[in-house]
Amino acid sequence: MVDWGIYSLAELREHATTSYRQAHGSRPDVLLIEINGEHAVLKDFSHSDRGFSHLIGPLLVFRETRSLARLEGLGGIPRLIRRVNRYAFLTDAIEGTPASQLRNCDCPQSFFDSLHDLLDSMHARGVTHCDLRSSGNTLIDKQQRPWLVDFVASIHQGSRWNLPARWIFKQFVQVDHSAVLKLKKRLSPGLLTQEELAILNDDRGLIERLARKMGRGTRKLTRQLFTSKSQSRK
Ligand SMILES: Nc1ncnc2c1ncn2[C@@H]1O[C@H](COP(=O)(O)OP(=O)(O)OP(=O)(O)O)[C@@H](O)[C@H]1O
Ligand SMILES: [Mg+2]
């Protein structure tokens, strides 16, 4: 079994076999790493734009690894293997296809049920994903089970007395579930129930719009603040 803890960032990068995302501007490298036939995924901001990489990268790594640590042991969430340094972390690699790459795929009802169940378990641990509108963040494995990646926009439930934070958390719980309905509408529209159609039609709230922006917001703002003009147009 590979001891992922002994490799430096440079050594891990040398073992990259696939690039899911290439670093540029505010984007990290997302790389599939293979060592002795075993796989892991490296998310690494060290090759993003310099200003971004140094100032915001560590914050995003902290945010995402904090959520992954809180969700440890939950099926459907890749295990955090380790924070490699301030700029990069390593997770289990999921063998699955991002929902963004699927068209009308006739995903079974069990897939959407599992996804709602997964969200319930995640929310019970006090974490909302907040960026499930971006369908590349939902993967479907061969057994047609869901997996969630990319917790950079996730938020945590406020303490018991922090009522505004708890209210916001509750709204994002709804937003996560409504993203599943959007996905269902795109992938398996025939499975939508009357109730789900009504929810989709009624899906125009303020928080909903906020959530849509939240997945992109941090990145857009920081891109404008910290990256060069040529990169910020990418
Ligand atoms: N643990 C993982 N196992 C398998 N594939 C993964 C894993 N994590 C990420 N990926 C792949 O890499 C892609 C990008 O990862 P991620 O969403 O975390 O990065 P990102 O920079 O936020 O990209 P985007 O802006 O497209 O959301 C995912 O859509 C997925 O295809
Ligand atoms: Mg993503």
Do [X] and [Y] sit in the same hydrophobic cluster, where Ile, Leu, Val, Met, Phe, Trp and Tyr count as joined when their side-chain heavy atoms come under 4.5 Å apart?
X	Y	answer
Tyr20	Leu139	no
Ile81	Leu9	yes
Val180	Met122	yes
Leu181	Leu197	yes

Taking the side chain as every heavy atom from C-beta outward, state whether [X] and [Y] have any atom pair closer than 4.5 Å.
X	Y	answer
Phe111	Leu183	yes
Ile155	Ile168	yes
Tyr7	Ile33	no
Leu60	Phe52	yes
Val30	Leu42	no
Thr65	Thr91	no
Trp4	Ile35	yes
Leu148	Leu132	yes

More than 12 heavy atoms from other groups under 6.0 Å of CD on Gln143: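 Correct, the count exceeds 12.
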Examine distances only and state if a side-chain atom of [X] and a backbone atom of [Y] form a donor-acceptor pair shorter than 3.5 Å.
X	Y	result
Asp176	Cys130	yes
Ser8	Glu11	yes
Glu38	Val2	yes
Arg83	Phe89	no
Ser188	Lys184	no
Ser53	His47	no
Asn85	Ala88	yes
His129	Asp150	yes

Residues forming a salt bridge (Lys or Arg N to Asp or Glu O under 4.0 Å) with Arg21, sequence neighbours excluded: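 Expected list: none.
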Provide the closest heavy-atom pair for [X] versus [Y] in the form atom of the first, atom of the second, distance.
X	Y	answer
Asp29	Ala23	OD1-N, 2.9 Å
Pro78	Leu68	O-CD2, 3.8 Å
Phe151	Val127	CD2-CG1, 4.5 Å
Arg133	Ser178	NH2-OG, 2.6 Å
Gly76	Leu118	O-CD2, 3.8 Å
Val149	Gly136	CG2-O, 4.1 Å

Assign the ring pair His54 / Tyr87 to parallel, tilted or perpendicular, where the plane angle (0 to 90°) is split at 30° and 60°.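 Ring orientation of His54 relative to Tyr87: perpendicular.
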I'd like to check the side-chain hydrogen bond (donor to acceptor under 3.5 Å, both in side chains) partners of Arg125; sequence neighbours left out, ordered by chain and number.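 Counting only residues at least two positions away or on another chain, Arg125 forms no side-chain hydrogen bond (donor to acceptor under 3.5 Å, both in side chains).
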From CG (Leu119) to NE2 (His177), nearest 0.5 Å: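 That separation rounds to 5.0 Å.
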Any pair counted as salt bridge (charged side-chain N to carboxylate O under 4.0 Å, His left out), so long as it reaches residues 134-149, sequence neighbours left out: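 For residues 134-149, and leaving out neighbouring residues, the salt bridge (charged side-chain N to carboxylate O under 4.0 Å, His left out) pairs sorted by first residue read Asp141-Arg145.
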I would like to know whether His156 and Phe169 meet ring-ring contact (aromatic ring centres under 6.0 Å, His included); could you show each step before the answer? CA-CA 7 Å; His156 289 199; Phe169 182 83; 8.5 Å; no
Under the side chain to side chain contact (heavy atoms under 4.5 Å, CB included) criterion, do Ser26 and Ile56 qualify, and how do the steps go? CA-CA 9 Å; Ser26 60; Ile56 305 298; over 6 Å; no
